[in-house]
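Every chain is numbered from 1, with letters handed out A, B, ... down the list of sequences.
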Amino acid sequence: MRRSLSRKDRLRRNSEIRELFSSAARIEGRGVKLLYRSNGSRENRFAVVVARGCGGAVRRNREKRITREAYRSLKETISSGNDLLFLIVRFGATFTDRCASMRQLVGRAGLRAAE
RNA sequence: AGGGCAGAUCAGGCCAUCGCUCGCGCGCGUGUCCUUCACGGGGUGCGCGCGGGAGAGGAAAGUCCGGGCUCCACAGAGCGGAACGCCGGGCAACGCCCGGGACUCGCACGCCGAGCCCAGCCCUGCGUGCGAGGACAGAGAGUGCCACAGAAAACAGACCUCCUCAUCGGGCCCUCCGGGGCGCGUGAGAGCGGACCUUGGCAACGAGGACCGCGAGGGAAGGGUGAAAAGGCGGGGCAAGAGCCCACCGCCCUCCCGGCAACGGGAGGGGCACGGAAAACCUCGUUCGGAGCAAAGCCAAGCAGCAGGGGGCUGCUCGCCCGCCGGAAGCAUCCGUUCCGACGCCCUGCGGGUAGGCUGCACGAGGGCCCGGGAAACCGCGGCCCCCAGAGAGAUGGUGGUCCUUGACAGAACCCGGCUUAUCGAUCUGCCCUUUUU
RNA sequence: GCGGGAGUAGUUCAGACCGGAGAGAACGGACCCCUCGAAAGGUUCAGGUCGCGGGUUCGAAUCCCGCCUCCCGCA
């Protein structure tokens, strides 16, 4: 359970995604942008969006799978009570590259959880 | 063994572990409903855990066709529009598939005819075999188009060339000197006539240059232009020619035979009319209502609004009576009175659009094997077996190991049948060609 | 996912159907003239796989078919 990434961990609604785009803090890293804000609950929620221009559906799904897997591996290190949205801007990164850039983004956003 | 063509199948595999989506079973917690006096039992929803199962394609793509399904519209017919178009069959339907026919192209072989130095070459046509191709109805119904070039581009025409007569110029013969006959050339770069310019000459006139005019026909073979030139080729014929006549071929008409048909074969006749293009308009025949799962249906909640009921007048506003609340005057205080201000509702039903949830949403023109029919596509109320993704920011990934041929194009979104496009390869079957061996 | 539209010079467009035959305009660019110099003005010039590939035709920017790219609308 600790490592899972089921439905309640993800942002589900179109309106919630739109709220993040309109009123969330955002910082930019290597090919990835992070949009985040407090959601007033005790859990974190997560979403990934791939920007335009990423070829076909196979490449777009590949980016999202890598990003989800990276978030799953470092969700324990993020302080709770936030909505996070990763916007993929540059394409073709490997899993370890994506992990590193996302970990750096979370640190710069000040969301690193006190162990 | 290698290569080519056609068809079918597969689309990296395996192990461990952490994850995702959806069913199934079990357990726990919880909400609700039914039953019971109660214990308890049952239905249903949600959450969590465990076990076990399933989880993208041949193109899922492009959205180019055809359907199912849903909603809307609809008496019938016509006009208009769109798509399709050899024939037969298949299919739910199709612009798809199968088979057949004609045509075009390529290769090989053979043959008729004509030309030439008769060896052979070349041209035209035909037949047979193999292979390839495709929007393959109609241009002998109408309108329009065919640039440039060329004389002429579609009811043909007449530039050059060809031919005849008239004209003109020589020649030969005859003659009664008036002329006649024969034959040649010319028939528009020659000749004749007219007027002009330059030059020589006193002049008559000569030489040179450029311009204008010169009658009547025959015929369409040849030249040249063009993508295309008005049946092809050869012979006869003729003043020269021409389907004018003839042979072969092409074309058209009629008849007979074969075939379900497209069409094929044969005989007779006509005497050439009928250029291309319909992916120009169009004509003929067949088919077609529109929109699309973001269709459409259901559920609960709240809002605007509408209708009805509970006091009266009014379509509405202002206002009045009435009700209630607050304040002021007056009064020792309260009720009441007067004035001022604010408020004037409740219940039920309907309910566009939007956001949420559920359905549509996966048992179907379904798949596999066999049997039967058929030449094949395909078909069978013939038999057995199987259930095979169902999301909703949108599911197949990460890590470690291992093996090989080092893995292409690429991700379902209501569902099927096709077409088109992208694509590393592997295996099997059938046919053809080359080489080697027996 | 469904439906619709458009690709022509560096940019914005015409030409495209009825009706096929010299690829054009404006702005922008370059040279020159004008000016002491510049701007404006004037002359000349360059710049095009007509998105790509097939087909029909004697001939295709145009007609037909198949792809590619971009844009718009529908909850």
Q: Quick one: look up who U427(B) pairs with, Watson-Crick or G-U, both distances under 3.5 Å, and put none if it's unpaired.
A: A8(B)
Q. Partner of U399(B) by Watson-Crick or G-U wobble geometry, both contacts under 3.5 Å, or none?
A. A16(B)
Q) If we call it a pair only when both distances are under 3.5 Å in a Watson-Crick or G-U wobble match, what pairs with G81(B)? A) C288(B)
Q.
From C-beta outward on K64(A), which listed nucleotide comes closest to its side chain: G411(B), A395(B), G398(B)?
A. A395(B)
Q: Mind calculating the distance between CZ (R60(A)) and P (G411(B)) to the nearest angstrom?
A: 8 Å
Q) Any salt bridge (charged side-chain N to carboxylate O under 4.0 Å, His left out) pairs touching residues 53-68 of chain A, not counting sequence neighbours? A) E63(A)-R98(A)
Q | Nearest-angstrom distance, P atom, U254(B) to C260(B) | A | 24 Å
Q: Please report, rounded to the nearest Å, how far the C1' atom of C18(B) is from the NZ atom of K75(A).
A: 13 Å
Q.
Classify the ring geometry of Y71(A) against F46(A): parallel below 30°, tilted from 30° to 60°, perpendicular beyond 60°.
A. parallel
Q: State plainly whether the residues R30(A) and D97(A) are in salt-bridge range, i.e. N to O under 4.0 Å.
A: no
(Q) Checking base pairs now: Watson-Crick or wobble, both atom distances under 3.5 Å. What partners A149(B)? (A) none
Q: Tell me whether the OP1 or OP2 atom of A393(B) has a side-chain N or O from R65(A) closer than 4.0 Å.
A: no
Q | Whole-Å C1' distance, A220(B) and G215(B) | A | 23 Å
Q: For G183(B), give its Watson-Crick or G-U wobble partner with both distances under 3.5 Å, or none.
A: none
(Q) For residues M102(A) and F95(A): do they belong to one hydrophobic cluster (side chain heavy atoms under 4.5 Å, members Ile, Leu, Val, Met, Phe, Trp, Tyr)? (A) no
Q: Treat each ILVMFWY residue as a node, draw an edge where side-chain heavy atoms are under 4.5 Å apart, and state whether L85(A) and V89(A) are in one component.
A: yes
Q | Rounded interatomic separation in angstrom, taking CD1 from I17(A) and P from A75(C) | A | 21 Å
Q. With rounding to whole Å, what would you report as the distance between C45(C) and A26(C) at their P atoms?
A. 13 Å
Q | Residue whose closest nucleotide on RNA chain B lies nearer the 5' end, F95(A) versus R59(A) | A | F95(A)
Q: Check whether any side-chain nitrogen or oxygen of R62(A) sits under 4.0 Å from OP1 or OP2 of G398(B), and answer yes or no.
A: yes
Q: Write down the distance between CZ (R68(A)) and P (C20(B)), rounded to a whole number of angstrom.
A: 11 Å
Q: Hey, could you give me the OH/CG distance between Y36(A) and L20(A), rounded to the nearest 0.5 Å?
A: 12.0 Å
Q. Does N82(A) offer a backbone N or O that forms a donor-acceptor pair with the side chain of N44(A) under 3.5 Å?
A. yes
Q: For E76(A) and C18(B), give me the distance from atom CD to atom P, rounded to whole Å.
A: 16 Å
Q: Using the C1' atom on both, measure G241(B) against U161(B) and round to a whole Å.
A: 13 Å
**Q.** C26(B), syn or anti by chi within 90 degrees of zero
**A.** anti
(Q) Checking understanding here: a glycosidic angle within 90° of 0 is syn, the rest anti, so what is G208(B)? (A) anti
Q: Report which part of the nucleic acid V49(A) touches: base, sugar-phosphate, or nothing (heavy-atom distance under 4.0 Å, all strands).
A: base
Q. Which value, in whole Å, describes the distance between the C1' atoms of nucleotides G22(C) and C148(B)?
A. 12 Å
Q | ILVMFWY network linking V48(A) to L34(A), side-chain heavy atoms under 4.5 angstrom | A | yes
Q: Using both distances under 3.5 Å as the test, list the Watson-Crick or G-U wobble partner of G142(B), or none.
A: C281(B)
Q.
Rounded to whole Å, please give me the gap between CG in N61(A) and P in A413(B).
A. 13 Å
Q: Check the chi torsion on A56(B) and let me know: syn if it falls within 90° of 0, anti if not.
A: syn
Q. Pick one for A188(B): is it syn, with its angle within 90° of 0, or anti?
A. syn
Q: Sticking with atom C1', work out how far A108(B) lies from G236(B), rounded to a whole angstrom.
A: 40 Å
(Q) Using Watson-Crick or G-U wobble geometry with both distances under 3.5 Å, which nucleotide pairs with U21(B)? (A) A54(B)
Q) According to the Watson-Crick and G-U wobble definitions, with both distances under 3.5 Å, which nucleotide is paired to C343(B)? A) G323(B)
Q) Expressed as a whole number of Å, how far does the C1' atom of C136(B) sit from that of U104(B)? A) 11 Å
Q | Where the chi angle of G178(B) falls, syn if within 90° of 0 and anti if not | A | syn
**Q.** Separation of atom CD1 in I66(A) from atom P in C18(B), rounded to whole Å
**A.** 22 Å
Q) Looking only at atom C1', what distance separates G85(B) and G47(C), rounded to whole Å? A) 49 Å
Q) How many Å lie between CD on E69(A) and C1' on A395(B), as a whole number? A) 14 Å
